Asker: 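One structure is given below, represented as structure tokens, and several questions about it will come after.
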There are 2 protein chains.
Amino acid sequence: MVHPDQVVAQQARPRPTLLSMNGVEAKVIEALRKQGEISRTDITNLTGWSKAKTSQKIRELVNKGLLVEVGEGASQGGRRPRLLRINDRLGYLVGLDIGATSLDIALADVGGKICQRRSALVDVRQAPEEYLKDCRALILEMASAQGCLPDQILGIGIGVPGPVDFGRGVLVAPPLMPDWENYHIGDFFQPAFPSAFVVVDNDVNIMALGEQRAGDGAGIDHFIFVKIGTGIGSGIVSNGKIHRGSYGSAGDIGHICVDKQGPICRCGNTGCLEAMAAGPAISEKAMLAAKNGSSPLLRQMMEVNGGVLRPEDVNAACREGDQAALDIIRASGEMIGDVLAGLVNFFNPSHIFIGGGITNFGNHLLVAIRRAVLRRSLPLATTHLAINFSRMGPDIGVTGAIALVNEYLFQPEA
Amino acid sequence: MVHPDQVVAQQARPRPTLLSMNGVEAKVIEALRKQGEISRTDITNLTGWSKAKTSQKIRELVNKGLLVEVGEGASQGGRRPRLLRINDRLGYLVGLDIGATSLDIALADVGGKICQRRSALVDVRQAPEEYLKDCRALILEMASAQGCLPDQILGIGIGVPGPVDFGRGVLVAPPLMPDWENYHIGDFFQPAFPSAFVVVDNDVNIMALGEQRAGDGAGIDHFIFVKIGTGIGSGIVSNGKIHRGSYGSAGDIGHICVDKQGPICRCGNTGCLEAMAAGPAISEKAMLAAKNGSSPLLRQMMEVNGGVLRPEDVNAACREGDQAALDIIRASGEMIGDVLAGLVNFFNPSHIFIGGGITNFGNHLLVAIRRAVLRRSLPLATTHLAINFSRMGPDIGVTGAIALVNEYLFQPEA
DNA sequence: GAGCTTTGTTTATAAATTAAACAAAGCTCT
DNA sequence: AGAGCTTTGTTTAATTTATAAACAAAGCTC
């Protein structure tokens, strides 16, 4: 039984020599990544090293080109600190957030700061080569706009909407994208970006990582990030680290059973959470309400929309105070909350962040989720539990993807 | 947000100076604890140190009295290795497994080898002082029989049947033992065992730890230990470590909802797994079957038993082929399996170990659990999943309790 | 019993780390 | 303005730590 962390080398090729570092250097880089621009004295405090050792190590890292001095900070009552930063000029990182129908790409410097951003509507249900060719073209375009040569791209982090065998870096039995099964995405990018270290993970895991690195998840040891959209999934952080499980498929809560008598899900089982509470179920229920006359407003919206209702429309109806729409959203929230209640008992997180397409909905969903969780979880597990929408915007996926590859790039060599 | 590991010092008093050690020494001890008796060369390989460094460090540890040489091993084609072991004479550890109605105590040497063992039937629903006085008397009796002075007891690991705030070392809202709420067990033992380091944890967590240290859980990164008895609980191992959650209450799966229309549980909710599938539910269903005539065998057993049926009786009836008894056991298994299916999707363990009072039942329960899990979990999560009864006997609790305190005793100082 | 292997220690050397002194820069308060 | 203090950072010399290589002990194999 091998932990994913130990096999990531199988997923990506040997990393560029410029970035290969030992444990000591990695500690400095880690401190810098977390804190941004810091002084030598800060590093002394963060690492516990002596001033002499810090001074020496920093000199080496600056000589190597990994760090640069970026000027002086404000005086704390004495000599002004000389601030250090990871050398942006080292190269760039790419974050890819592959959705069912959308593609988000960001180009960032090695410090993780996004400098180019693209979004596109692409359907993932095509051959992976075709899809990835488009990705590659976009990346090259963004790199070119940034004045970055393909060789300067040091890492590509990728989130995909399906179960990932993280150790091998391939999708396994992905319902949304069957053609991608066992396709090695890293190998595709290798020729075009010879210096890049490629890491593939589940899309929700990278969102959890984004929340942890750049959102409200910072410093929280145990939390769950729940994505509600076309599907429902979750990313788990245990002890400050992504928990991927023994086969990399942890967090797949969309197919937990809510109602054995419920409708048949695309996974083959009956009454899965995803089939009953996610976007498509909301649309269906709303269209039913429109047709059977229980909501004139929804009927009207449906006519305007050309015969379909999207979850956003139901949300709009909610805002108008439409009772049927409210009931639909509340029912979804209650089902999601019921499942989360069980997971809260089991996992005892201190926070649950909710994101995905449904996030910009009003509070009806959140309130329903909270109520269901509080009703059905043990008091000990909920007294210190916060359930909130993620406050990160649409960049959460690419941010997490960049953080993912960043983490592995700046890891000490085995 | 503080992780339990970081606050354990609050739970126990400063450890005896003899055992205080730095990281380097802890590494040797850890290797020794895992491997038993090993040579200096083995330590060289396990730690990656040079022969000279190992030789030097071992000499220091032997001089300190932490290690002893215990003779020579078999030759591997050259000079025979001189085997080292943790010095048993350093002192003793106590493992306490407190059940609802039973108490198990073991006295072990610091290497973890049990040398005295007691079990008693004691009801936990009394004032903690009274209960713990009996425990203390038993420990003193065992110590005396072993020739161990109270001062030589270096650690006491305790498992209790209720939610534990692990950081503080107290029970929080324990349903079975309300009088124990916020009672600090460590403080009770301090006067009698002044050298002892006391660690309290949930009973299922210590069973999981026992399975990991001395059972089939060795070397497995992600597993769940499920205890089925009067209640149903679980211990979670993520990344090789017990996952206690943000408030120490993780693993409490007994109150996950199985059927919203189900009976009212003692927790106040309806249709909890525990209320529907654990020992008492099995007994009740069996007594109903005895009364309503659907099982003449159960009726007969109930008469012999003086009007009650225990889960063991239902099991006996199963072995006789009684259909009603089989149905009851299978129904329990299916409900447990349904809940586990969700947790498998969420957590993706590679193994589930099932223990507790129901363990010595036949395979009907296990088969029903497996079938339900396989039916309702995603294929990716179950292809490599093993679900089995724990093969550890009734010592699993005390073994885990000893392992728990052992782990904290031989930890490097902060 | 010669020659090899494995285990473990010693020693001389090299590397890493530190404390302390020093230097640079800036603040504060008179 | 400038004396005295603070903070930041470097240099130095001393100390600690770790290593490679030689050595020693013990035992196997043929």
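All values derive from a computational prediction rather than experimental measurement. Throughout, protein chains are lettered first and strands after them, A, B, ... in sequence-line order, and every chain is numbered starting at 1.
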Asker: Tell me: CG of B:Asn45 to C1' of C:dT7, nearest whole Å?
Answerer: 11 Å

Asker: If you pin A:Gly77 and A:Gly48 to their nearest nucleotides in DNA chain C, which one's is more 5'?
Answerer: A:Gly48

Asker: Any idea which of D:dT19, C:dG26, D:dT10 is nearest the B:Ser50 side chain?
Answerer: D:dT19

Asker: Send over the distance from A:Glu72 CD to D:dT8 C1', rounded to a whole Å.
Answerer: 10 Å

Asker: Grab the CH2-P distance between B:Trp49 and D:dA20 for me, whole Å please.
Answerer: 16 Å

Asker: Under 4.5 Å between any side-chain heavy atoms of A:Val237 and A:Ile220, yes or no?
Answerer: no

Asker: With a 4.5 Å heavy-atom cut-off, do A:Ile156 and A:Leu93 have their side chains touching?
Answerer: no

Asker: From C-beta outward on A:Arg79, which listed nucleotide comes closest to its side chain: C:dT6, C:dA25, C:dG8?
Answerer: C:dA25

Asker: Rounded to the nearest Å, what distance is computed from the CD atom of residue A:Gln56 to the P atom of nucleotide D:dG9?
Answerer: 16 Å

Asker: Determine whether the aromatic ring centres of A:His243 and B:His222 lie less than 6.0 Å apart.
Answerer: yes

Asker: Using purine N1 to pyrimidine N3 plus N6-O4 or O6-N4 for Watson-Crick, or N1-O2 and O6-N3 for G-U wobble, both under 3.5 Å, which nucleotide pairs with D:dC23?
Answerer: C:dG8

Asker: Which listed nucleotide (C:dG8, D:dT8, C:dA19) is nearest to the side chain of A:Ala52?
Answerer: C:dA19

Asker: Let's test this: given Watson-Crick or G-U wobble pairing with both distances under 3.5 Å, identify the partner of D:dG2.
Answerer: C:dC29

Asker: When you match A:Ser39 and B:Lys57 each to their closest nucleotide on DNA chain D, which lands nearer the 5' end?
Answerer: A:Ser39

Asker: Reckon A:Lys51 has a side-chain N or O less than 4.0 Å from the OP1 or OP2 of D:dG9?
Answerer: no

Asker: Find out whether B:Asn388 and B:Asp216 are in side-chain contact, i.e. whether some heavy atom of one side chain is under 4.5 Å from a heavy atom of the other.
Answerer: no

Asker: How close or far is atom P of D:dT8 from atom CD of A:Glu69, stated in whole angstroms?
Answerer: 14 Å

Asker: Rounding to a whole Å, what distance do you find between A:Arg40:CZ and D:dG9:C1'?
Answerer: 7 Å

Asker: Across the strands shown, which category fits B:Thr54 at heavy-atom distances under 4.0 angstrom: base, sugar-phosphate, nothing?
Answerer: nothing

Asker: Taking the side chain of B:Thr41 as heavy atoms from C-beta outward, which of D:dT7, C:dT7, D:dT10 is closest to it?
Answerer: C:dT7

Asker: Taking 4.0 Å as the cut-off, does a side-chain nitrogen or oxygen of A:Arg59 come that near to OP1 or OP2 on D:dT11?
Answerer: yes

Asker: Please state whether the phosphate of C:dT9, meaning OP1 or OP2, lies under 4.0 angstrom from any side-chain nitrogen or oxygen of B:Ser55.
Answerer: yes

Asker: Contact between B:Val62 and B:Arg59 at the side-chain level, heavy atoms closer than 4.5 Å - yes or no?
Answerer: no

Asker: Can you tell me how far P of C:dT6 sits from CZ of B:Arg80, to the nearest Å?
Answerer: 16 Å

Asker: Please give, in whole Å, the distance from D:dT29 P to B:Gln76 CD?
Answerer: 11 Å

Asker: What nucleotide, of D:dT19, D:dT8, C:dT7, holds the atom closest to the side chain of B:Lys53?
Answerer: D:dT19

Asker: Within the structure provided, determine whether B:Glu69 and B:Leu83 are in side-chain contact (heavy-atom separation under 4.5 Å).
Answerer: no

